[in-house]
*Asks:* 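My structure is below; once you've seen it, I'll send some questions.
Within every chain, numbering begins at 1; the chains are lettered A, B, ... in the order of the sequence lines, protein sequences first and strands thereafter. Here the structure is a predicted model, which means the values were calculated and not measured.
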Amino acid sequence: MNYWLLKSEPDVFSLDDLEAAGRRGTGWDGVRNYQARNMLRDGMRKGDLAFFYHSGCEIPGIAGIMEVASASRPDATQFDPSDHHHDPDSDPDDPRWFLVDVRFKRRLRRFVSLEELRGHRPLAGMQLLKRGNRLSVTPVSKKHWNYILKLEQKKT
DNA sequence: GCCAACGTTGGC
DNA sequence: GCCAACGTTGGC
């Protein structure tokens, strides 16, 4: 099993929205970056776990945990002209963009902010914390994953 | 293949 | 709103 971190702007799609989607979950659509696409398409497996990270908001950070609920499949929004993520250059016979289904697992016991993550030297290697990182899908090592789960338990 | 111009992300 | 960092595009 592998671990991941997926970013979303809570104004667009938040952990609450994912929880509201229930057991069926939802497709993690709209990823339009090749590196992120490759991880979605080739790296993620059903049963993997991922942190739900809130970006582009007042206090960015990790809000919860979700589960990868399917293998990757083509992202239908790329073929929908009315969709913001429409890609007219993508060939239906050879789709360019993929998604996985995700489902809500749980909220963290407390929100762990980006600022807090940056304060922990053992997490320094996390791709999320590297300078200039903008990838919306990044792998998380087991070591970092477990460290954050311990952080979650700590009182502030 | 290089690189300038432009677009996007995302923290601050 | 600003801006650093990075990705993409397209002319050459």
*Asks:* Classify the nucleic acid contact of A:Glu9 as base, sugar-phosphate or nothing, counting any heavy atom under 4.0 Å across all strands shown.
*Replies:*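 Nothing: the residue A:Glu9, judged by heavy atoms under 4.0 Å, touches no strand.
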*Asks:* Take the C1' atoms of the five end pairs on each side of the helix from B:dG1-C:dC12 to B:dC12-C:dG1, get both axes, and report the angle to 10 degrees.
*Replies:*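 The angle separating the two end axes equals 10°.
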*Asks:* Tell me whether A:Asp48 contacts the main-chain N or O of A:Asn2 through its side chain, where contact means a donor paired with an acceptor under 3.5 Å.
*Replies:*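 At least one qualifying donor-acceptor pair exists.
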*Asks:* Restricting to ring-ring contact (aromatic ring centres under 6.0 Å, His included), what partner residues turn up for A:His144, sequence neighbours left out?
*Replies:*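 For A:His144, no residue satisfies ring-ring contact (aromatic ring centres under 6.0 Å, His included) once neighbours in sequence are set aside.
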*Asks:* Do any of residues 52-65 of chain A sit with a heavy atom less than 4.0 Å from DNA chain B, and if so which?
*Replies:*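 Under 4.0 Å from DNA chain B: A:Tyr53, A:Ser55, A:Gly56, A:Pro60.
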*Asks:* Find which nucleotide of DNA chain B each of A:Arg134 and A:Leu114 is nearest to by heavy atoms, and output the residue with the more 5' nucleotide.
*Replies:*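 Result: A:Arg134.
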*Asks:* Using side chain to side chain donor-acceptor pair (under 3.5 Å), reason through A:Ser55 and A:Arg134 one step at a time and then give a plain yes or no.
*Replies:* CA-CA 10 Å; A:Ser55 67; A:Arg134 296 182 312 162; over 6 Å; no
*Asks:* 5' to 3' on DNA chain C, which nucleotides open and close the contacts with chain A (atom under 4.0 Å from a heavy atom)?
*Replies:*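 The footprint of chain A covers C:dA5 to C:dT8.
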*Asks:* Enumerate the ring pair (Phe, Tyr, Trp, His ring centres under 6.0 Å) contacts for residues 100-122 of chain A, please, sequence neighbours excluded, ordered by first and then second residue.
*Replies:*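 Every pair satisfying ring pair (Phe, Tyr, Trp, His ring centres under 6.0 Å) with a residue in residues 100-122 of chain A: A:His120-A:Tyr147.
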*Asks:* Determine whether more than 12 heavy atoms belonging to other residues, nucleotides or ligands lie under 6.0 Å from atom CD1 of A:Ile59.
*Replies:*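 Count not over threshold, so no.
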*Asks:* With sequence neighbours excluded, tell me which residues meet ring-ring contact (aromatic ring centres under 6.0 Å, His included) with A:Trp145.
*Replies:*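 With neighbours one apart ignored, the set is A:Tyr3, A:Phe51.
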*Asks:* Could you check A:Arg118 against A:His85 and say which one's nearest nucleotide on DNA chain B is further toward the 5' end?
*Replies:*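 Per heavy-atom nearest nucleotide, the more 5' residue is A:His85.
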*Asks:* Assess whether a salt bridge exists between A:Arg41 and A:Asp75, defined as any Lys/Arg side-chain N lying under 4.0 Å from an Asp/Glu carboxylate O.
*Replies:*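 No.
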*Asks:* A:Gln78 side chain to A:Arg96 main-chain N or O, any donor-acceptor pair under 3.5 Å?
*Replies:*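 Checked: pair present.
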*Asks:* Just by modelled atom types, is the A:Arg23 backbone N or O under 3.5 Å from a matching donor or acceptor in the A:Arg103 side chain?
*Replies:*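 Pair found, side chain donor or acceptor close to backbone of A:Arg23.
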*Asks:* Is A:Glu116 salt-bridged to A:Arg110, going by a charged N under 4.0 Å from an acidic O?
*Replies:*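 Result for this pair is yes, salt bridge flagged.
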